[in-house]
Student: 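If you scroll down you'll find the structure; I have some questions about it.
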2 protein chains.
Amino acid sequence: MVKVESQSFAGSIGRGANRDDLRQSNLSNLLKLVYQNRTISRSDLTSMTGLNRSTISDLVGELVGLKLVSESETAQAGRVGRPSSNVSIAENIFAITVVPRYHSTIVSAVSMSGELKARARIATPIHPSPEEVCDATEVALSQIRKQLKKTDRIIGVSVAISGQVDVRNNSVRICSFLKWTEVPFGALLSERLGLPVQIDNDGSIACLAESTFGAGRGFSDIIYLFGGTGGIGGGVVIEDKLIRGYRGYAGELGHIRLTDSKAVDSLGLSGTLEALVNREQLAEALGLDDPEDDELASAILEASSPRARRIIDKKIDVLAIGLANLVNIFNPQVILLAGFLQPLFQANDYSLLSKMRHSAVAGSREHVQVRTAALGSRILEIGGAQLVFQDLLNNPAASK
Amino acid sequence: MVKVESQSFAGSIGRGANRDDLRQSNLSNLLKLVYQNRTISRSDLTSMTGLNRSTISDLVGELVGLKLVSESETAQAGRVGRPSSNVSIAENIFAITVVPRYHSTIVSAVSMSGELKARARIATPIHPSPEEVCDATEVALSQIRKQLKKTDRIIGVSVAISGQVDVRNNSVRICSFLKWTEVPFGALLSERLGLPVQIDNDGSIACLAESTFGAGRGFSDIIYLFGGTGGIGGGVVIEDKLIRGYRGYAGELGHIRLTDSKAVDSLGLSGTLEALVNREQLAEALGLDDPEDDELASAILEASSPRARRIIDKKIDVLAIGLANLVNIFNPQVILLAGFLQPLFQANDYSLLSKMRHSAVAGSREHVQVRTAALGSRILEIGGAQLVFQDLLNNPAASK
DNA sequence: GACATTTGTTGTCTGTGCCAACATAAAGCC
DNA sequence: GGCTTTATGTTGGCACAGACAACAAATGTC
């Protein structure tokens, strides 16, 4: 599981730890295991944590008391010995995810058990003001609340921004798509809804989702690259942790300069990955006008005209160099490609891989795998929910 | 302080923590604080850890019992109240650092208190075999042992390799300067000396030193770039932790491709930072033949011929783009430049900074600082020693 | 049905850090 | 100098988290 905040007990130098922290740390670890597996047996918890049976019993009891997990009946049998009881994550704890898009804002309710229980799409102007997004979210939330049960609890809200987000101040630094600059949207929306709000870059959110529940599961060092209409975004996971940098702007992988080309990207930077590999150019080369994602994907895979093939090959070459740079910097286990980068990879994986390896240093290029992302269109909801649950997972006892 | 290994208690999901781990974690934190400050008062330890006075008393007592620290007299006065006693790191615990160079291998003994107590330089061939470096180290070590006292303890050895090191297997993947490929040098030297041996990339070692005791002190997100005869190496610290990647090859910052240039670097990769910004070209442009570091530095700073200035400016431009890429990827607090990159920066810092900012994304470019490195020619000894002490610092009680 | 195997529960124990009270050592004040 | 004030070290008792052992419960095996 990928951790957003390093709360790991006594992690940073200086702070000592007491018995209370010990308890919290163990509770947190246990809850994370249950969250990640949705349902898990107590005996598995025992063996995975290495803690004593009686301790697990005690800890699970506390989590049950906090109504964060529930114990269900044995279920699985067939093995010798007394069957172990199952522990399941609560199904009535919800995160609200907000995704502003063209023409509309999409708000969803995702349970801790991973279910998307309710969804509302509210029309907004093409370049909505912060207030207009707040309005839309408020309306959507009231609609969603009606669909939830009385016992359901909403614990927080996340917003996926396709731009730069200052995660320390919970504010949008710059978002060209929304035409926002320096908007303290976290505080704004939080005051309006009366709920804690976390905003984050969409690439980081998607990376979080993909690394925990998607194709990155089980890997500790991951690079995630997403190609969309807004450009190329992504995220980096190192030792199971999403890197954020000093302010949270880390991971602007699309704006890495690779060549001397004068072509510019969405931020006006020239010769970058995003400037040379983008959706519009591909759509144009394939004769498509504002295609859907899957439409573009099949067009890329089935392209036959020499011009289109040439352009696709060129983009693969540039992507290969971009990936090689990232391989040299991070020595990752796996690179995940999403959005239109996915069909680009599939169109000629051999070429991409061999050219990437050719530009990468010996050690790092040997083990690295390139894969397509596994999560579909709901990825921002999955990642956004995780962002919200993270606090709870890190500090279960505070949820009273 | 920068941690090499994440042992941070309950850090990775799954493993639970018991009271023993709690104690070890607190002991470790305390020892790290003493190590980092060389000498520190008990009251400072209390306030920095947040632990109780009596707990600190107990823990320090245990560290004294382990002979890892010693309590000295009050020393500092002037403030009201009973003066706090000082705790100092042991001065008789040593790390051996091995640095293979042209014509010789340099072996040093560095104490935990940061003192370089003994040093031996043994002549070796230009491209020594692993066995020849082992031989040299063995001879040097016996010389060094004579200079140490009976009570001095050597706890481990580190080797700084100017090449790719698989830190998992403790082996050299490839080192062009030594002409080694796939050499399990850690095991080799360890068997010969009967001491634990850790090998690592010189850039990582230098980064470790600079971030803990040098110009990176106090920063949590650091990029370190070193320019030497072998090319450009470096390291990256994120949230106080040196990134290693899957195998330990991370941080090959010199081999990032920036342009379409056909110039190749030491690994044969074209258009990379190292291919375009290197020592040989600078020396040649300045009319120097195999200059010393300081000689080259002053020549860069005092260059007057138009051709030399033009070449220097060109290199600054390329460096600016390289730094901008790193800024976009990592959103660091500070970038540290060492080796010949240092005078290059000083030659025209305004140009470097403005061009770097021009190619970087808005958020990240605002806070980032560029500084020159603070540690001098002993940096590999300082960092290498830290590598050796890391294990002890992470697990003080095991040192019995 | 007897037995082995695995898991959950309960009571006891150990050890770790906290706390309060006291002792100690300095500075400030008269 | 003697008093108070302030800050620190020390000591004994305490609370509580997790380990451990013994027992109970639930399943499979013969």
Side-chain angles (χ1 to χ4, degrees), chain A residues 9-10 14-31 39-66 69-88 395-397, chain B residues 9-10 14-31 39-66 69-87 396-397:
Chain A
F9 169 148
R15 271 203 310 281
N18 57 22
R19 281 191 334 267
D20 237 35
D21 299 326
L22 175 63
R23 179 73 165 187
Q24 293 317 312
S25 165
N26 280 338
L27 272 178
S28 168
N29 267 321
L30 219 52
L31 186 60
T39 247
I40 186 172
S41 75
R42 264 168 67 164
S43 69
D44 283 346
L45 288 175
T46 312
S47 60
M48 289 170 95
T49 58
L51 295 171
N52 194 281
R53 279 211 302 274
S54 54
T55 308
I56 295 292
S57 187
D58 193 23
L59 291 169
V60 169
E62 187 164 345
L63 290 177
V64 170
L66 291 166
V69 307
S70 61
E71 284 196 279
S72 51
E73 266 321 291
T74 142
Q76 158 256 28
R79 288 205 330 229
V80 199
R82 176 174 175 174
S84 188
S85 39
N86 277 329
V87 182
S88 304
N395 200 355
Chain B
F9 175 139
R15 271 202 311 278
N18 56 22
R19 282 190 332 264
D20 239 34
D21 300 325
L22 175 64
R23 180 73 164 188
Q24 291 321 311
S25 165
N26 280 337
L27 274 177
S28 167
N29 268 321
L30 220 54
L31 186 60
T39 221
I40 186 172
S41 75
R42 263 169 66 163
S43 69
D44 284 346
L45 288 175
T46 314
S47 60
M48 290 170 94
T49 58
L51 295 171
N52 195 281
R53 279 210 302 275
S54 51
T55 308
I56 295 293
S57 186
D58 192 25
L59 291 169
V60 168
E62 186 163 345
L63 290 178
V64 169
L66 290 166
V69 306
S70 61
E71 284 196 279
S72 51
E73 267 322 289
T74 141
Q76 158 256 29
R79 288 209 325 234
V80 200
R82 175 173 176 177
S84 187
S85 37
N86 277 329
V87 182

Student: Could you state the CD1-P distance from A/I56 to D/dA19, rounded to the nearest angstrom?
Tutor: 9 Å
Student: If each of B/L59 and A/R42 is mapped to the nucleotide of DNA chain C with the nearest heavy atom, which maps nearer the 5' terminus, i.e. the 5' end?
Tutor: A/R42
Student: If you check the B/N52 side chain, which of D/dA17, C/dG17, C/dC19 turns out closest?
Tutor: C/dC19
Student: What's the CZ-C1' distance between A/R53 and D/dG18, to the nearest Å?
Tutor: 14 Å
Student: Among the nucleotides D/dT11, C/dT16, D/dG9, which one has an atom lying closest to any side-chain atom of A/R19?
Tutor: C/dT16
Student: Side chain of A/N26 only, please: which of D/dA26, C/dG8, D/dG18 is the nearest?
Tutor: D/dG18
Student: Who pairs with A/S88 by side-chain contact (heavy atoms from CB on, under 4.5 Å), at least two apart in sequence or on another chain?
Tutor: A/T39, A/S70, A/S72
Student: Could you check which of C/dT7, D/dT8, C/dT16 has an atom nearest any side-chain atom of A/R79?
Tutor: C/dT7
Student: Please round to the nearest 0.5 Å and tell me the distance separating atom OG1 of B/T46 and atom CG of B/L59.
Tutor: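 It is 10.0 Å, given to the nearest 0.5 Å.
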Student: With sequence neighbours left out, what residues match B/V64 under side-chain contact (heavy atoms from CB on, under 4.5 Å)?
Tutor: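 Partners of B/V64 under the side-chain contact (heavy atoms from CB on, under 4.5 Å) test: B/V60, B/V69, B/E71.
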Student: If you restrict it to nitrogen or oxygen atoms, what contacts under 3.5 Å exist between nucleotides 2-6 of chain D and the protein, and what is each distance?
Tutor:
{"unit_1": "D/dT6", "atom_1": "O2", "unit_2": "B/G81", "atom_2": "N", "d": "3.4"}

Student: Name the nucleic acid region contacted by A/S54, choosing base, sugar-phosphate or nothing; use a 4.0 angstrom heavy-atom cut-off, strictly under.
Tutor: base
Student: Starting the side chain at C-beta, find the nucleotide from C/dT7, C/dC18, D/dA26 nearest to A/S84.
Tutor: C/dT7
